[in-house]
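What follows is a set of notes on a single structure, which appears directly below.
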Amino acid sequence: MKFGHFDDVNKEYVITAPDTPLPWINYLGNEDFFTILSNTCGGYSFYRDARLRRLTRYRYNNCPLDSEGFHIYIKDGNIIWNPGWQPVKTPLDSYCCRHGLGYSVISGEKNGLSAKQEFLVPMGNNCLLMRVTCENKSCISKRFSLFPYLEFCLWDALDDSSNFQRNYSTGEVEVSGNAIYHKTEYRERRNHYAVFWANRDPAGFDTSRDSFIGTYGSPAVPDAVISGCCKNSVAHGWQPIAAQQFDITLGPGEAYSLIFGLGYIENSDDDKWEEPGIINKAQARRMISEYDSDEAFSRAFNDLRDYWERLLSNYRISSSVEKLDRMVNIWNQYQCMVTFNMSRSASYFESGMGRGMGFRDSCQDLFGFVHMIPERARERILDIASTQLPDGSAYHQYQPLTKKGNLAVGSGFNDDPLWLIAGTDAYLRETGDWSILNESVDFDNDASLAQPLIEHLRRSFSFTASHLGPHGLPLIGRADWNDCLNLNCFSEHPGESFQITGANEGPVAESVFIAGMFVKYGKAWVDILRHMKLDSEAAEAEAAVLSMEKTVLEHGWDGEWFRRAYDAFGHVVGGRECDEGQIFLEPQGMCVMAGIGKDSGEAEKALESVQKYLDTKYGVVLLTPAYTRYRLELGEISSYPPGYKENAGIFCHNNPWITCAETVLGHGNRAFETYSRICPSYTEDISDIHRTEPYVYSQMIAGKDAAGFGEAKNSWLTGTAAWTFLSISQAILGIKPTLDGLLIDPCIPADCKGYSVSRRYRGAVYNITVKNPASVEYGIKEIRLNGDICHGNLLPVLPPGETVDVQVIMGA
Ligand code: BGC
Ligand code: NOJ
């Protein structure tokens, strides 16, 4: 069952029923100011950091669900309704939500009156804009009132939702003309305030929630709206809000629009006040005047469209498969950008108060983003690297505001260092900007320890190489990619964090997965060293990689698949002798991607086992059989009920590893099958089962052992976005940036007749057409570059600005 449809021309998902299985959200904002907005106008705004600079309140796990946001109420005679349906939930005559790239348009109609809310965060300004357009579609004149309403957060979202003895007394506002200023704590240590404004004069306002909603009222029946009259309240403490009232009369066919804004302003410490106690509003006034007309609003809209058009033009496919094209051209890339901006901080499943930027997460996010804005990728790599510790290990997380490593979580996740090589390698292959390796970068944010970036990569590699366990496999530390496989944790007490309890390091527990990573990204490191003409170091690194490959085949191979790990007692995890958790997905994906056992047959067997044991109709599960009881020696993984999350859920992040692995062996049919199984546009038809947004990936889909098999959770912020983009754009469609140019190497379903891709690469445009007349899955017969036969499948790097035509014929 569907609740809407894709509009590919406008690059929108159009939701046609407000009561979607879960709130379906969008992200507005690309730089510093962000808003999360659901299809019924729920959500919140923040500046840079969703915890420390939260502008509006949002109550997670609230009941009713998703009722705080950017609602407007319309009182038309005795009928009160919202264009976005919530929170009054008056049945609408029509409803529509269009989530687009960086904007959303939500409209409703009731009794001959339509109202449309258009939301966007303009480029280059720290505000959310909302244009409201009402139209009288009836044949009689209508007189109605319109009330926008939002609830301010007292800045620190965590404190705001816990420290009531203080913050019930601190709230302060100022009302001036058409604007309401939220200035809590501005009198003391803050130099910033928020402003909510309208471009027309309201008939009244409220800034106290008790006054607008009623102390025992509800957003579904606000006192002021019921009585048709705001009370011009000024909040002192308690719950400051912004609400206004507009009384509007429209003749038949007449329309009326208003523009609202919610802005964030910082003043310097010596320029905070206009007069004693009156905040300096100069910047706010400038912001307000910038968007006071329909033309100004439309201009902001067009700028945003142009911005996205430019970003998405770097990789554009045209095939005859519309479900594929819309994901590659629009939604997958869009999600990559959002994930890059948000890391794992703020979604409808991430409260914005928890984790900062993950070291491994941010490195992997680069894969999906680097082709769009390489400059920001460069900056991100340097930020991440400066939180690395001098021995090559890494803080697991860092804070986006301070860019400092997070001491509370610390280090000890032994896959982290290698992801830095992976991310930097992706950047080098995309840009050819070798200068990044010479950038001086702090260790542990300490300038006195700074070294060129290449030294950071070197220490990443040698950290893994020098932390090996009894079988010669890398020690796992707290955990590897799978945060929940905690082999040195042994947590017995409720509430202890699995991520930081127990030994930071253990001398025995080893990871076959990290071994796979070491081979895969170790090979990338060798290529980088060769390119830098550091030949003897390259030879040494290569020897370490080859020896690890042997070790994996000797101690990490179980007969039919790659083992997962050895626990702290040296027992196998993910082997046939285990009663549960016999086979895991991650080492099959990573080891085959690394090419381990490719020539000797183990790789083929491993992928056969994935298909035989782990595959389901909704995607590949992380392990099987699921753990049915808690196991002290394995940690969090066994804490989840069977089928959920890391305990045999369909963890979407590593499904594309299998896709990529299949292409390493030339299995185009199977690669596309694993791609499409979890692909949102392919699962749109089962939105009632899947429940999360049909235009983006979720972190997890409940696996076959779960009661809710097929139900997705944790949408939007997941490494799935970047890895899927890599798997489809590079592994399947076969357009692979390398250190020396674009490599053409498709691996596609045999029945695919062909496709074309326009790819901007290092400033030049490659218009590539792939044809598959012999219905093969893999292999190239001929490539022509501007009509001339090309030797091999590596396209040369062209001068920026140039456009070339590339004709590829697949075949034997
Ligand atoms: C989740 C993991 C996550 C970890 C770290 C766990 O509860 O299951 O997916 O990586 O927390 O925050
Ligand atoms: C989500 C985390 O953000 C990521 O770092 C981790 O690899 C996966 N969960 C698997 O545990």
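For ligands, and for the atoms within them, numbers begin at 1 and follow the listed sequence. Residue numbers count from 1 along this sequence.
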For K704, salt bridge (charged side-chain N to carboxylate O under 4.0 Å, His left out) partners two or more places apart: none

Residue portion contacting ligand 2 (non-hydrogen atoms closer than 4.0 Å) for D361: side chain

Closest protein heavy atom (residue, atom, distance) for atom 11 (O) of ligand 1: Q499 OE1, 3.7 Å

Atom 2 (C) of ligand 1 - nearest protein heavy atom and its distance: E646 OE2, 3.1 Å

Distance-only donor-acceptor check, side chains D66 and Y58, under 3.5 Å: yes

Pair T720-Q699, side-chain donor/acceptor within less than 3.5 Å: no

Residue Q699 vicinity, atoms of ligand 2 by number, heavy atom under 4.0 Å: 1 (C), 9 (N)

Sequence-distant partners of R563, side-chain hydrogen bond (donor to acceptor under 3.5 Å, both in side chains), two or more places apart: D558, Y566

Per-atom contacts of ligand 1 with Q699, taking only distances under 4.0 Å to non-hydrogen atoms: 9 (O)

Protein heavy atom at shortest distance from atom 7 (O) of ligand 1: E636 OE2, 2.5 Å

Shortest protein contact, atom 8 (O) of ligand 1 (heavy atom only): Y640 OH, 2.6 Å

Under 4.0 Å to a heavy atom of D483 - the qualifying atoms of ligand 1, by number: 3 (C), 4 (C), 5 (C), 10 (O)

Electrostatic pair D383:K404 at N-O distance under 4.0 angstrom: no

